[in-house]
Amino acid sequence: MKRYLLFLFFIVLGYSYGQEKNEVLAKLNDQEFSADEFNERYLLIPRLSIGNKQDEPAYRAKAFYTMVAEKLWALYGKEEGLDSTDIMKYTYKTVEKMYVRDALFNKEIKEKAKVDERKIIFASAKIKRILYVNFIFSKNIDEINAIYSKLNSGVSFDSLLQKRIDKNYQPGPVEVTFGMMREDIEDAVFSLTPGKYTKPIDFEGEYYIFRLTYEKPKEFKDGDEYKKEFNNAKTLVEDRALNKAYSEYFNKFFVGKQINADGYLFWSIADRLIEVTKSRKEKENIPNGNKINLTVEDFGAIEKLLTSDTLKMEFVKFETEPVTVLQFLREFFYEGFVATSANADTVRAQFQSRVKRFIEHELLAREGYKQGLQNLPEVKRSINMWRDNYLSKLAKNHFVANLKLTDDDLKDYYEKNKAGINSPLMVNIIEILTDNLEDMEVVMKQLDAGVDMRELAKKYTKREWTKPSGGEFGFFAANQYKEIGKIAAGMKIGEIYGPVKLDEGYSIFKLIDKKEVKEDVNIKPFEEIKDSLRDVVRVEKLRTGLENKTTELAKKYNLQVNENAVYNLNGENLNMLVYRYMGFGGRILAVPVDPLFTDWVESWKKERKDLP
């Protein structure tokens with residue numbers, strides 16, 4: 001089995017924030033929120049410019065109170081028993097498994113990958129050379145051996161090459177520098193002197209003989225350039241040692257392990273996946289050859305197309321704790337699915353590959369649990385961060401689901417705001433909305449490089465009705481579009497904000513104009529506009545409900561904040577979307593991404609002062 005490991009690095013970050021000790025920034029009952037915990041997360045919060053560097057302390061405080069609110073809601077969620085719900089059982093468990101596999105990779109591979117210091121010395125010599133080589137290749141081992149015998153008998157390399165089609169691939173000698181070749185081939189070629197040739201070398205089923213035609217020394221403009229080249233070479237040597245340890249462990253670990261998926265269920269799920277993929281292609285009018293990114297809506301459709309009995313059936317046949325269809329689908333959905341084509345055979349082949357990868361990942365995760373790696377401090381810290389995030393979202397959704405909009409709410413809003421109903425604050429934005437984090441990463445980099453946001457919106461936004469105008473909404477009331485309108489109302493014209501996590505995906509938007517519309521019209525009667533107020537009042541009730549509940553939770557869990565310590569923190573975030581690449585494959589956002597939520601803070605502080 002050939003395995004090529006491209007990116008198996010995870011972020012190693014050093015902090016220098018000015019605190020002499022890990023101060024406690026907040027307490028919620030007996031739970032502490034430390035400066036180290038905050039800084040580690042704050043550094044990696046992605047956001048585009050919303051102001052200048054002088055705004056950093058204020059933004060840092062907002063990020064801090066947003067994280068505190070998350071912890072308050074997580075405590076409430078646990079109290080309400082939401083930590084035992086299906087979404088926590090499946091979605092959160094998927095994240096936990098990723099960290100357990102990563103810990104297994106660190107223990108069994110990264111810590112055991114031995115770097116031969118001699119290889120670093122050899123690499124330092126190789127980076128000083130530029131080789132020019134020719135080659136002869138054949139898919140037939142007998143033919144390449146016969147050519148090698150002729151070379152050994154004195155026949156010239158060039159005379160043999162001129163008679164072969166190989167010469168068409170090399171009108172001149174090919175330039176080779178350190179790191180361009182597979183390690184064993186590189187060692188063989190760099191050991192040659194001009195005019196000499198290698199033995200036949202097998203490269204993925206083809207056989208090559210390389211001849212060093214000539215070489216020249218590589219010139220460096222200064223010591224800094226050489227140092228950079230040397231560090232790159234050292235990193236490559238270390239990566240090669242890591243890849244070797246990975247291959248050895250991977251091949252040894254899976255020897256004798258035979259886990260199968262139920263064939264009937266495989267075809268049943270694959271057929272639904274094909275059906276939904278074709279539907280998505282038609283809905284979005286995706287051209288042939290373009291990738292098809294399935295949405296949350298699509299995943300829900302797949303689940304609904306399967307019966308409840310099917311979802312309970314055992315899909316992956318592990319000897320102990322077999323995996324049901326529902327368990328598999330929830331992990332499958334978490335990673336997402338991007339089809340390269342709507343062709344049935346292509347989708348089925350991609351799905352088969354994903355099932356195979358799921359089985360491999362599940363076996364590795366189970367080995368990690370067997371070794372107790374879920375209990376390592378660094379693993380528990382990361383897992384708890386995501387647990388709190390998921391649990392807080394569940395708790396908010398649970399709370400919101402129980403908020404009912406009544407006619408009394410509409411009437412009350414009307415009486416308090418009827419003078420301003422005809423003069424709302426209006427905003428206009430350009431937005432890019434995507435549920436594909438890879439696209440979001442590209443967008444953020446392009447914006448940072450100065451690419452026009454309208455052009456990016458035409459290419460990347462999934463909000464179809466704004467595409468023709470380059471992502472521009474046109475003026476809308478600031479109490480519309482939930483978080484977008486609310487955030488835009490507090491921005492300055494020209495500022496960019498995001499990414500914001502919405503139900504539809506991730507949003508980045510730029511405020512391009514705002515105005516307050518004042519109309520000299522008679523105030524319309526309540527009954528005449530009642531229905532038109534419902535969406536506005538619903539959003540307002542949700543907003544005030546969440547703020548009031550957060551204030552209540554802060555009191556309930558005895559929130560105490562060391563605000564001076566918060567404002568004295570010196571850390572700045574990276575203003576970019578950062579991923580953590582996990583051992584054995586997979587990636588996850590380095591930290592949860594959520595909109596700022598601080599409107600509750602003022603009322604909480606006021607109530608604290610008002611206490612007798």
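Remark: Lys126 is positioned above the aromatic ring of Phe190, its terminal NZ or CZ atom under 6.0 angstrom from the ring centre and at most 45 degrees off the axis. Within the cation-pi definition used here (under 6.0 Å to the ring centroid, within 45° of the axis), Lys252 does not qualify as a partner of Phe254. Judged by a 6.0 Å distance limit and a 45° cone about the ring axis, Arg587 is positioned over the six-membered ring of Tyr579. Judged by the 6.0 Å and 45° rule, Lys396 forms a cation-pi pair with Phe597.
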- For the pair Gln446 and Asp448, evaluate side chain to side chain donor-acceptor pair (under 3.5 Å) and give the outcome as yes or no after the intermediate values. CA-CA 5 Å; Gln446 292 290 303; Asp448 192 52; over 6 Å; no
- Message: Please evaluate residues Lys459 and Glu455 with respect to the criterion salt bridge (charged side-chain N to carboxylate O under 4.0 Å, His left out), reporting the C-alpha separation (whole Å), side-chain torsions for both, the decisive distance (0.1 Å), and the verdict.
- Response: CA-CA 7 Å; Lys459 181 176 181 179; Glu455 295 304 313; over 6 Å; no
- Begin from the C-alpha positions of Thr466 and Glu431 and carry the test side chain to side chain donor-acceptor pair (under 3.5 Å) through to its verdict. CA-CA 8 Å; Thr466 69; Glu431 183 215 33; 5.1 Å; no
- Verdict with supporting geometry, Glu186 and Met180, side chain to side chain contact (heavy atoms under 4.5 Å, CB included): CA-CA 8 Å; Glu186 180 181 83; Met180 290 177 59; 5.9 Å; no
- Mind running side chain to side chain donor-acceptor pair (under 3.5 Å) on Glu111 and Asn106 for me, showing each step along the way? CA-CA 6 Å; Glu111 293 176 7; Asn106 291 335; over 6 Å; no
- Task: Evaluate the side chain to side chain donor-acceptor pair (under 3.5 Å) criterion for residues Tyr369 and Glu96: first the C-alpha distance (whole Å), next the side-chain angles of each, then the deciding distance (0.1 Å), finally the verdict.
- Result: CA-CA 10 Å; Tyr369 283 113; Glu96 183 180 87; 2.5 Å; yes
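A ring-centre distance under 6.0 Å is found for Phe33 and Phe64.
For Lys234, the NZ atom sits in a loose shell: 12 or fewer heavy atoms of surrounding residues, nucleotides or ligands are nearer than 6.0 Å. Heavy-atom contacts from other residues, nucleotides or ligands closer than 6.0 Å to NZ of Lys244 number 12 or fewer.
The two residues Ser341 and Val347 have their closest heavy-atom pair at O-CG2, 3.2 Å. The two residues Gln350 and Val338 come nearest to each other via the heavy atoms NE2-O, 3.0 Å.
Below 30°, between 30° and 60°, or above 60°: for Phe38 and Tyr42 the angle between ring planes is below 30°, a parallel geometry. Between Phe299 and Phe333, the angle of the ring planes stays under 30°, which puts this pair in the parallel group of the 30/60° scheme. Between Phe337 and Phe332, the angle of the ring planes lies from 30° to 60°, which puts this pair in the tilted group.
Counting only N and O atoms by type, the side chains of Lys281 and Asn290 include no donor and acceptor under 3.5 Å apart. Remark: the Lys107 side chain and the Gln371 side chain contain an N/O donor-acceptor pair separated by less than 3.5 Å. Of the N and O atoms on the side chains of Thr235 and Asn232, not one donor lies less than 3.5 Å from an acceptor on the other residue.
When each of Phe253, Tyr99, Phe584, Phe250 is tested with Phe105 by the rule ring pair (Phe, Tyr, Trp, His ring centres under 6.0 Å), just one qualifies, namely Phe584.
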